[in-house]
Structure formats: C-alpha cells, structure tokens
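First up is the structure itself, then whatever we jot down about it.
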Amino acid sequence: MDELPSLLLVGGGRMGAAMLSGWREQGLSRAVVVDPSAAAQALASPRVKVVASATALPEDFAPQAVILAVKPQMAAEALPVYARFAGQAVFISIMAGKTVDTVGRLLGAQPALVRAMPNTPAAVRKGFTAAYADAHVSPAQQALAARLLAAIGEVAWVTDEAALDPVTAISGGGPAYVFLLTELMEQTALAQGLAPDLARRMARQTVIGSAALLAASHEDAADLRVAVTSPGGTTERALAVLRADDAWPENFTRAIQAATERSRELSG
Ligand SMILES: NC(=O)c1ccc[n+]([C@@H]2O[C@H](COP(=O)([O-])OP(=O)(O)OC[C@H]3O[C@@H](n4cnc5c(N)ncnc54)[C@H](OP(=O)(O)O)[C@@H]3O)[C@@H](O)[C@H]2O)c1
C-alpha cells in the first residue's frame, strides 16, 4: 500500500491517538500532531512530530489532510489558525455536533470538509464511523478521508448531513447501550444469588462471545436470535417479556428519538 501523504492531527487525545496508531500501520510519510498535553509527547516518532501549539508548526509543512480531533468546546479557540491550509488540504472533523457550516465559520474559511462520527470501539480498531463529505471535497480527497477513517474500523458514507444525528444516537451511543445490557445481566445474576465473580465473567463473556459470533456469521442478528430460541424454552419466555409492546422495542425507539433530538439541539 502507498504511504499516506503528510497529515496534520489537531488533538492527540483518545480518538486522535487511536487514528494515528492506525495510520502508522498503513505507512506514514510525515505527520505533525498539535496537542498541548504532556501525554501527547508519547506519540512522537521519527515520522511524527508533536508540537504544543500551531505556532510551532514547521514552516515548510503543507499537509494534505488536517484532522480536527479536539473537543467541540475547544473548536472556537483552536481552529482559526488552520484556515491557511484550507486551499490545499481536505479537513476531517470528528468533533461531535459541529456541522460543516459551523466548522467553516469557526475556521473562518470554507475548506473541503468531511464530517465524521466515530464511536469508542475505535480504540481497538473495531469502530464504526459514518462520514459526510461536503461539496468541496474531490473524489481523491474523499478516498484519502476514507482511508484515514478506516484506520479505526468500518466506514460508511452518508449523502445527507442530517443523517449524522440518528447515527450519533445509534452507533455513537451504541456502545453505552451494550455496556448497560452487560451491567444489567451482571446485576440480575447477582440478584438471582450467583457469586459475584461468576456473574461478572458470565455477563462480559456473553456479550463478547455474541459480538464475535455476529462478526463471524453471515446471518442477520434476527436469525441468530431465532437460533437461540427453542419453541417453548426459557429464552422464548424471556423474549416474550422483553419484546412486549411496551417493553424493549418501544423504549428503545423512544431512547433513540431522544438522543437524535439531543444531537440536533447540540448541532444548532
Ligand atoms: N471519544 C469518543 O467516543 C468520540 C466519539 C465521536 C467523536 N468524538 C470526538 O472526538 C474528539 C476528540 O475526543 P477525545 O475523546 O479524543 O478527546 P480527548 O481525549 O480529550 O482529546 C482531545 C485532545 O486535544 C487536546 N487539545 C486541547 N486543546 C487543544 C488545542 N487548542 N489544540 C490541539 N489540541 C488540543 C487535549 O489536550 P488536554 O487534555 O491537555 O486538554 C487532548 O489531548 C471530540 O471532538 C469528540 O467529540 C469522540
């Protein structure tokens, strides 16, 4: 695979560091990370320079992609200095809730801009990222963005930026829903009198194993569910409770609607 072109990463925290580690595997030519934290210095290597602020960027540096991975609340302060790269680079913003228009306004320039919404399994390269490319992004820039985002997992493109609100609600928050399910399985096991160590191991491995089975199978989740559900058996009895009209389906729909609405409010 060809080496990646020169990259500028603004914010080398959890998500930025996860992406950088994936890019290293793909073959970096040159990258600069801007991050004021002492911890970010650990990201430095022969091909990766880490600087505390944009004022210390090498003068000859002309990145082909600028990845914005600071917290959304830092954007107004952090972004304007990078407007000078707007003519040459594709910008990729992973900042939650910042629309393409908002990022352009904060930069004070309208670059070729990709807005992406990853999720936390990115830390183990099992993330899911939905991305939207604005009209200024060329096919070659979109291909570069796809390659950079694929470093942390699967990537899907949406053609309507508004789709990122339900995406935020479902895949962005999704790991939290799965972790809540894991907590509930553990708590219920304890309530049924099982030993704490057994309850914890059983809940964790059931979720881990189910995810691995889903990953290894070509069947839909619904088919895998049916395969565990013997007629007249124990799982069927539990699912009858969980799938009742006022139980999981209705609650889950309301939860996702609430999160989608909140994402719209934050983007406004
Ligand atoms: N984590 C997720 O699940 C997730 C999911 C989707 C989207 N995102 C988005 O990803 C972005 C990064 O999230 P994260 O979890 O990686 O946050 P994080 O761990 O806090 O990383 C942000 C980094 O940016 C640094 N920073 C602060 N001000 C800066 C500046 N002016 N210039 C350059 N760097 C600066 C921070 O340093 P200090 O610690 O010293 O402030 C920190 O190292 C956010 O916008 C978030 O919305 C995250």
Side-chain angles (χ1 to χ4, degrees), residues 7-23 31-44 48-58 61 63 65-85 91-100 102-104 106-108 113-132 145 148-156 158 161 163-180 259-260 262-268:
L7 307 173
L8 171 58
L9 174 62
V10 183
R14 266 167 307 181
M15 209 44 99
M19 286 194 289
L20 184 67
S21 126
W23 301 336
V32 178
V33 179
V34 181
D35 192 309
S37 69
Q41 289 303 323
L43 301 175
V48 180
K49 187 176 171 66
V50 180
V51 296
S53 92
T55 53
L57 281 174
F61 189 52
V66 178
I67 299 87
L68 304 173
V70 290
K71 290 280 190 202
Q73 57 270 30
M74 299 305 298
E77 182 190 324
L79 266 49
V81 71
Y82 303 104
R84 66 180 191 267
F85 300 123
F91 279 60
I92 302 169
S93 167
I94 64 162
M95 295 183 294
K98 294 283 179 216
T99 62
V100 159
T102 304
V103 174
L106 293 173
L107 266 173
L113 179 59
V114 169
R115 180 181 163 200
M117 171 48 61
N119 62 9
T120 53
V124 289
R125 316 244 171 99
K126 300 274 185 202
F128 178 83
T129 301
Y132 167 78
L148 295 175
L149 293 170
I152 48 171
E154 252 186 64
V155 183
V158 298
E161 188 178 5
L164 293 181
D165 293 314
V167 161
T168 302
I170 296 168
S171 61
Y177 317 147
V178 175
F179 297 140
L180 174 62
T260 303
R262 182 65 182 142
S263 176
R264 288 192 191 114
E265 284 167 17
L266 292 171
S267 305

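Computed from a predicted structure; not experimentally measured. All ligand and atom numbering here is 1-based and tracks the order in the structure.
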Heavy-atom distance to [atom]: which of [options] wins?
atom	options	result
atom 17 (O) of ligand 1	Met15, Lys71, Met95	Lys71
atom 7 (C) of ligand 1	Ile94, Thr129, Ile67	Ile94
atom 33 (C) of ligand 1	Thr120, Val34, Asn119	Val34
atom 46 (C) of ligand 1	Ala96, Gly11, Ala69	Ala96

(request) Answer yes or no: is there a side-chain heavy-atom contact under 4.5 Å between Ser53 and Pro36? (result)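 In short, these two side chains do not touch, never coming nearer than 4.5 Å.
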
(request) Report yes if the side chains of Phe91 and Val103 come closer than 4.5 Å at any heavy-atom pair, otherwise no. (result)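 In short, these two side chains do not touch, never coming nearer than 4.5 Å.
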
Closest protein heavy atom to [atom], given as residue, atom name and distance to 0.1 Å:
atom	result
atom 21 (O) of ligand 1	Gly13 CA, 3.1 Å
atom 6 (C) of ligand 1	Pro118 O, 3.3 Å
atom 31 (N) of ligand 1	Ala78 CB, 3.5 Å
atom 38 (P) of ligand 1	Ser37 CB, 4.1 Å
atom 15 (O) of ligand 1	Arg14 NH2, 3.3 Å

Please determine if [X] has a nitrogen or oxygen closer than 3.5 Å to a nitrogen or oxygen of ligand 1.
X	answer
Val70	yes
Asp35	yes
Met74	no

Can you tell me how far the [atom1] atom of [X] sits from the [atom2] atom of [Y], to the nearest 0.5 Å?
X	Y	atom1	atom2	value
Thr168	Arg264	OG1	CZ	10.5 Å
Ser263	Asp165	OG	CG	3.5 Å
Leu43	Leu9	CG	CG	8.0 Å
Leu79	Thr102	CG	OG1	11.0 Å
Asn119	Glu154	CG	CD	10.5 Å

(request) Report, in ascending order of atom number, the atoms of ligand 1 lying under 4.0 Å from any heavy atom of Pro72. (result)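 In order of numbering, the contacting atoms are 44 (C), 45 (O), 47 (O).
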
(message) Please list, in number order, the atoms of ligand 1 under 4.0 Å from a heavy atom of Pro36.
(response)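 Atoms satisfying the 4.0 Å criterion: 26 (N), 29 (C), 33 (C), 34 (N), 35 (C).
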
(message) Tell me the contacting part of Met117 for ligand 1: side chain, backbone, both, or neither, using a 4.0 Å heavy-atom threshold, strictly below.
(response)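 Under 4.0 Å from ligand 1, Met117 contributes side-chain atoms alone.
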
(request) Please check if the side chain of Arg115 supplies one atom and the backbone of Lys98 the other of a donor-acceptor pair under 3.5 Å. (result)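 It does hold such a pair.
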
(message) Has Asp35 got a side-chain atom pairing as donor or acceptor with Gly12's backbone, closer than 3.5 angstrom?
(response)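 Between the backbone of Gly12 and the side chain of Asp35 there is a qualifying donor-acceptor contact (under 3.5 Å).
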
(message) Taking atom CD as the centre, does Gln41 end up with more than 12 heavy-atom neighbours from other residues, nucleotides or ligands that are less than 6.0 angstrom away?
(response)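 Yes, the 6.0 Å shell around CD holds more than 12 heavy atoms from other groups.
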
